[in-house]
Protein chains: 2
Amino acid sequence: MPIKGKPNSLDIAHLAGVSQATVSRALRGHPAVNRATRERVLAVARQLNYTVDKNASNLRTQQSGTLALLLFEDPTVDDSNINPFFHSMLGSITRVCAQRGYDLLISFQQLSRDWHADYEDCHKADGLILLGYGDYREYRSRLEALVAQGTHFVRWGAVLEDQPGISIGGDNHAGGAAAARHLLALGRRRIGFLGHASQGAPEFLERYQGYAAALREAGLVADPLLQADAISTEQAGREAAELVLERGARVDALVCASDLIAIGALRALQARGLRVPDDVALTGYDDIPMAQFTTPALTSVQQDTKRAGELLVDTLLKMVQGEAMAPIKLAPQLVVRQSCGVSQAPARSPATVTTLPAHGRRPSRGARH
Amino acid sequence: MPIKGKPNSLDIAHLAGVSQATVSRALRGHPAVNRATRERVLAVARQLNYTVDKNASNLRTQQSGTLALLLFEDPTVDDSNINPFFHSMLGSITRVCAQRGYDLLISFQQLSRDWHADYEDCHKADGLILLGYGDYREYRSRLEALVAQGTHFVRWGAVLEDQPGISIGGDNHAGGAAAARHLLALGRRRIGFLGHASQGAPEFLERYQGYAAALREAGLVADPLLQADAISTEQAGREAAELVLERGARVDALVCASDLIAIGALRALQARGLRVPDDVALTGYDDIPMAQFTTPALTSVQQDTKRAGELLVDTLLKMVQGEAMAPIKLAPQLVVRQSCGVSQAPARSPATVTTLPAHGRRPSRGARH
DNA sequence: CTGAAAGCGCTTACAG
DNA sequence: CTGAAAGCGCTTACAG
């Protein structure tokens, strides 16, 4: 065997005594190839450690067998600390891609970069998965550009009306409502909300609206004095909690738009000598791994990241194949721990999990509408 | 503009009134191109939203501008739970790749899969970054195969003598010793070790050896009754702690080979009614985010994942360019929290950090040997 | 400074 | 069932 670089299909052809076209067919399992021929070719290929050059085959077929995951982060967030919620999404997406035989390209983009043309246009990926918490108003126009170019993409985030492209997200309204109802059922009445309740953060806004709706159901009104904006970081949570406390209004519970916010709030409360849950009860959102280690352990709204990853990948793959797909909302689950005080449910396991019906959308497998 | 698919360089050439070769040169910033010509080409390209087809250019140049990150996990680990330590490595590697202008392909491989030919051979990546905790004996032969094929790769893990390829890793001996010395300084004498102390897990073995060396320095001997094997999961940690306790030998401290093991041990101890740190002190390893949220917060040995990511990527990139590189050991830091009891150091901040000198290797920037 | 031409390694109609 | 040939979209000597 010559000690040249990687062998190509012509090398295999010579050694197997067939044409290069036949090598290609044999390797791809083309049905017309004679069985004996195919086996000869495969044997030679294996012996030479031959693999098909992806650049060449992709160029020829005009597809890449690769998906790109683009993660946008709030620029204010510390570079090295990706939101833990995304880790679990990433793990799930990676595995599903592998199962489907696709490679995954990943990139942590800044909103400022000119990403829209990056991957699919240059044929490095067949489609894009967008993940992130940037200001929705800022990047909505980017989504429109992607749609206009015919780029295939799915996005994790709030599922809104009249949205460019396909979004898959949790039912944030149901999740926010569940957290608030849980607190109401435990007798809390002065319930605040920590997190951006604005158009720029539609997921948080929906959680806020769910929270407010639950209060209304109970004949209460969401008190603006008990709400403070926060992005999804511990520090922002701490500052938001301090802001609410400084306003002096009575508060006996805080629904937080994320676990990181809740952890920050927990620290702020404890620093003030307030007891959680005795003085102020707390709920988080996402159920990141840390939630079970805080003291008290955090009651949180869990999103099914495993299923989310599957839906994102499979939806995108179908879109790449030309199918028209629809947005999907996933039902969240309330995970009850100790940060809200005694639950009425008998605490048999360390955490009690309640599945919530999705709000307005069917959460079932492959749900479309 | 015709509504055909993506424009190619010939389309640009026609519209700019130049040859296709000139378009290619202009786009790549070739110095010989006339300034006015280049600007005309760039203007047309921008207008048509043209991007170079990577498959074509990679095929032509025989390189990909892409690195592949292969993560191996212990097959016994739950699929959805990647070791949190790897998350932070992953974040760091991703960012460095982006900074260096490289794309990153990621894959969570099972050891069983035939990965060695996967990425570089088929020209999807110029080099491989290997990350993982599989059994070292099992995959050492794979590393040898990679070396034999001339594949460019770097690996995160124990830096051993006579190792195939280039490894970059923490100074585990120094880390294990630091944890044990800290406990010794606090008056503990019956110090155990939780984690695989075998050739199959060289990082854990080195930590164990550091621990044993520190005991020897203090005139003590590592008691086999106080050691139990564990892979890096909470459950394994719990079981290992239970095993040690069941043996009935007196124990007043446990050095754990990872934070997950320590968290499991913490739960096992507390379930038995033992107080941490009063009855048994505990140290972890890796300083994952959860370590600061346990009660008591976990004293741990921190690895500089940011720097590790930089070194992995930059070393690999140099290897791709033909440079010969050497292994690197990174100095770890002891992060003191509450799980070992009162520290002699005045606890000014919530955590006291001590940088340790690397053991036997220079930890300095770009260190080689 | 620019163009014509070769060629990277495949896949896939088109013949036979 | 198999081969000869075209062509995917680039980059880069080679001329001029």
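Just so it is clear, the model here is predicted, and its values are computed rather than measured. The basis for the numbers below is simple: all heavy atoms, side chains too, and nothing from hydrogens, waters or symmetry mates. Residue numbers start from 1 in every chain, and the chains themselves are labelled A, B, ... in the order their sequence lines are given, proteins ahead of strands.
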Which value, rounded to the nearest 0.5 Å, describes the distance between B:E323 atom CD and B:L317 atom CG? 10.5 Å
How many Å lie between CG on A:N58 and C1' on D:dC10, as a whole number? 14 Å
In whole Å, I'd like the distance from the CG atom of A:L10 to the P atom of D:dG3. 12 Å
Members of residues 18-26 of chain A that approach DNA chain C, where some heavy atom sits under 4.0 Å away: A:Q20, A:A21, A:S24, A:R25
CG/A:L69 to SG/A:C97 distance, rounded to the nearest 0.5 angstrom? 8.0 Å
Looking at B:T37, does any N or O in its side chain come under 4.0 Å of the phosphate oxygens OP1/OP2 on C:dT2? yes
Report the distance from atom CG of B:D53 to atom P of D:dG7, rounded to the nearest whole Å. 18 Å
Distance check needed: D:dA6 C1' versus A:L59 CG, whole Å only. 13 Å
Taking for each residue the nucleotide of DNA chain C bearing the nearest heavy atom, is the 5' side occupied by A:R60 or by B:N34? B:N34
Does A:S9 have a side-chain nitrogen or oxygen under 4.0 Å from the phosphate oxygens OP1 or OP2 of C:dG9? no
Are B:Q62 and C:dG9 close enough that a side-chain N or O sits under 4.0 Å from OP1 or OP2? yes
Atom CG of A:N55 to atom P of D:dC10: distance rounded to whole Å? 13 Å
For B:S57, does its backbone N or O pair with a side-chain atom of B:T61 as donor and acceptor, under 3.5 Å? yes
Could you check if a side-chain atom of B:I93 sits within less than 4.5 angstrom of a side-chain atom of B:L104, using non-hydrogen atoms only? yes
A:D103 vs A:K54, test: salt bridge (charged side-chain N to carboxylate O under 4.0 Å, His left out). Steps then yes/no. CA-CA 12 Å; A:D103 287 319; A:K54 285 290 184 184; over 6 Å; no
Sort out the partner of D:dA13 for me: Watson-Crick or G-U wobble, both distances under 3.5 Å, none otherwise. none
Grab the two heavy atoms, one from B:V23 and one from B:S9, that are nearest each other, plus how far apart they are. CG2-O, 3.8 Å
Nearest-Å distance for atom pair CG/C1', residues A:L27 and D:dT2: 16 Å
Ignoring backbone atoms, test whether A:R28 places a side-chain nitrogen or oxygen under 4.0 Å from the OP1 or OP2 oxygen of C:dT12. yes
Measure NZ/A:K54 against C1'/C:dC10 and give the value in whole Å, please. 11 Å
With a 3.5 Å cut-off and no angle check, do the side chains of A:N58 and A:S64 form a donor-acceptor pair? no
Gap between atoms CG and C1', on A:N8 and C:dG7 respectively (whole Å): 12 Å
